[in-house]
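All values below come from the heavy atoms of this structure, side chains included, with hydrogens, waters and symmetry mates left out. These numbers come from a predicted model, not from an experiment. As the structure lists them, so they are numbered: ligands from 1, and atoms in each ligand from 1.
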Amino acid sequence: MNNYPFSIRSKLPRVGTTIFTVMSALAAKHQAVNLSQGFPDFEVDKNLLDLIEQQYRAGHNQYAPMPGVLALREAIAEKCYSLYQTTVHPETEITITPGGTAAIFSAITSVIHPEDEVIIFEPAYDCYSPTIELCGGVPVYIELKAPDFTIDWETVKRRINHKTRMIILNTPHNPTGSVMSELDMIQLEKLVATTDILILSDEVYEHLIFDGTVHQSVLKFPKLAERSFVVYSFGKTFHATGWKIGYVIAPENLMKEFRKVHQFNVFSTNTPVQYALAKYLKDVSHYNQLAAFYEEKRNYFLELMRPLPFTLTPTSGSYFQLVNYSKISDEKELDFAKRLTTDYGVASVPVSAFYYRSKDQQLLRFCFAKKKETLELAAERLQKLV
Ligand code: GLN
């Protein structure tokens with residue numbers, strides 16, 4: 001058909017196609033091993049697949065309640081209590097969403113007004129800033145301190161003013177794999193204590209945390225929890241990113257506003273998967289074993305990559321490993337990532353894509369949520385760089 005014959009006033013003039021889509025498409029075109037977009041290439045637990053089949057065969061195929069199936073919300077409340085010793089009310093403080101991104105979208109949209117400032121730490125996951133802009137809000141970018149990508153709380157203090165409405169956290173962090181400490185949380189708590197600043201805490205990689213480090217959820221800090229939307233993802237936890245199912249936790253008055261948006265954004269989330277997850281969550285080993293499972297993958301990936309001329313600092317959490325290639329090339333990250341895909345057959349993501357002003361540090365992000373043979377094939381292909 002013809003194009004729309006008038007000019008369009010874009011609501012997101014700076015936004016193109018996401019780097020994950022771009023790199024995954026390039027990987028497919030060149031039959032590259034795809035370590036770019038974050039998703040596992042191994043199978044979901046067969047028991048969970050059986051549970052889902054049972055649920056849709058049992059007739060759970062119509063709309064779920066708007067906030068989610070109550071049995072699942074109850075199972076989540078139990079999980080929160082056992083992991084974070086926090087009592088979360090299933091009826092009023094939990095909502096099931098079609099994935100983490102939808103939860104983030106509804107949370108930001110429900111509270112951000114035009115001119116409100118939202119602090120984001122860079123490199124930052126790609127959906128935060130466009131969502132803020134769609135609300136007329138103003139993203140305020142603060143860089144994480146290299147080399148270990150920590151938060152400089154003095155800088156945060158300086159950037160807070162009467163327009164600051166929200167701070168977005170992400171721990172374990174995508175793309176750097178850094179993890180916030182208890183001290184970080186205490187400093188944040190002090191900083192916001194005398195303000196009405198809200199927190200959006202993206203904790204979708206809560207179970208992917210290594211070397212004995214403990215995940216510091218904002219839920220463990222009552223003074224933070226009372227002002228927070230906390231976002232989680234079953235896709236990340238149960239190796240099924242394609243199911244698009246996650247949830248958000250917030251105090252009742254924030255959740256009321258969240259649900260006003262959620263009900264008109266998506267209304268409700270996939271019903272049979274919710275019933276199945278409610279049963280599956282009862283066995284805590286299904287998520288408690290994840291840290292060890294992924295730590296082994298991280299270690300194996302590092303072992304394969306070590307003989308190559310990259311600089312590697314082991315990632316502390318998430319399923320991403322950053323790799324510095326300054327010993328190999330001084331090309332820009334995007335150019336190098338594309339060349340690795342087209343000429344060497346291994347796709348990654350340039351970290352520059354996670355900065356508003358595309359900062360180049362010769363860093364690539366590799367996803368190691370892959371079968372051993374996938375990681376081996378990637379390393380074998382990268383041997384040609386030597
Ligand atoms: N969270 C995934 C990643 O960081 C990407 C999801 C997406 O493609 N939007 O790779």
Side-chain angles (χ1 to χ4, degrees), residues 12 15-29 32-42 97-108 120-132 134 144 149 168-179 200-209 231-248 265-266 290 294 297-298 301 315-323 333-334 337-338 340-341 346-356 358 363-370 374-375 378:
L12 293 171
V15 168
T17 308
T18 81
I19 191 68
F20 313 114
T21 308
V22 169
M23 294 310 297
S24 273
L26 196 66
K29 189 170 164 204
V33 182
N34 189 3
L35 306 188
S36 64
Q37 195 176 26
F39 61 87
D41 74 343
F42 38 85
T97 62
T101 303
I104 290 165
F105 187 90
S106 294
I108 294 175
I120 307 180
F121 298 102
E122 284 195 315
Y125 187 57
D126 67 344
C127 76
Y128 308 146
S129 149
T131 309
I132 297 162
L134 282 176
L144 294 170
F149 298 99
I168 301 185
L169 309 177
N170 176 206
T171 183
H173 185 254
N174 179 6
T176 68
S178 67
V179 163
L200 171 59
S201 189
D202 176 350
E203 301 183 9
V204 297
Y205 300 101
E206 68 180 320
H207 299 297
L208 281 55
I209 187 157
V231 173
Y232 295 99
S233 159
F234 288 117
K236 310 286 186 289
T237 301
F238 296 133
H239 320 312
T241 59
W243 292 351
K244 296 301 299 177
I245 180 160
Y247 57 99
V248 63
N265 181 18
V266 299
L290 277 173
Y294 272 109
K297 290 217 170 286
R298 178 205 64 175
F301 184 58
T315 193
S316 304
S318 81
Y319 46 45
F320 302 115
Q321 172 67 50
L322 293 192
V323 159
E333 289 174 6
L334 181 59
K338 284 189 172 164
L340 272 194
T341 312
V346 181
S348 59
V349 173
V351 175
S352 54
F354 296 83
Y355 286 87
Y356 174 62
S358 181
L363 279 178
L364 299 178
R365 188 198 79 172
F366 287 87
C367 172
F368 56 81
K370 306 291 169 187
T374 310
L375 299 175

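- Remark: side-chain polar atoms of Thr176 are not paired, donor with acceptor, to backbone N or O of Phe149 under 3.5 angstrom.
- With sequence neighbours excluded, the residues that form a side-chain hydrogen bond (donor to acceptor under 3.5 Å, both in side chains) with Asp202 are Tyr128.
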Measure from every N or O atom of ligand 1 to the protein's N or O atoms and keep only the pairs below 3.5 Å, writing each with atom names and distance to 0.1 Å.
from	atom 1	to	atom 2	distance (Å)
ligand 1	1 (N)	Tyr125	OH	3.2
ligand 1	4 (O)	Asn174	ND2	2.8
ligand 1	4 (O)	Arg365	NH1	2.9
ligand 1	8 (O)	Gln37	NE2	2.7
ligand 1	10 (O)	Gly38	N	2.6
ligand 1	10 (O)	Arg365	NH2	2.7

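- Between the side chain of Arg298 and the main chain of Gln321, no donor-acceptor pair closer than 3.5 Å is present.
- At most 12 heavy atoms of other shown residues, nucleotides or ligands fall within 6.0 angstrom of atom NZ in Lys338.
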Under 3.5 Å, side-chain donor or acceptor atoms of residues 17-24 against the rest of the protein: list the pairs with distances, not counting sequence neighbours.
from	atom 1	to	atom 2	distance (Å)
Thr18	OG1	Phe20	N	3.4
Thr18	OG1	Thr21	N	3.2
Thr18	OG1	Thr21	OG1	3.0
Ser24	OG	Phe20	O	3.4
Ser24	OG	Asn34	ND2	2.9
Ser24	OG	Gln37	OE1	2.9

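- In this structure, Thr171 has no side-chain hydrogen bond (donor to acceptor under 3.5 Å, both in side chains) partners at least two apart in sequence or on a different chain.
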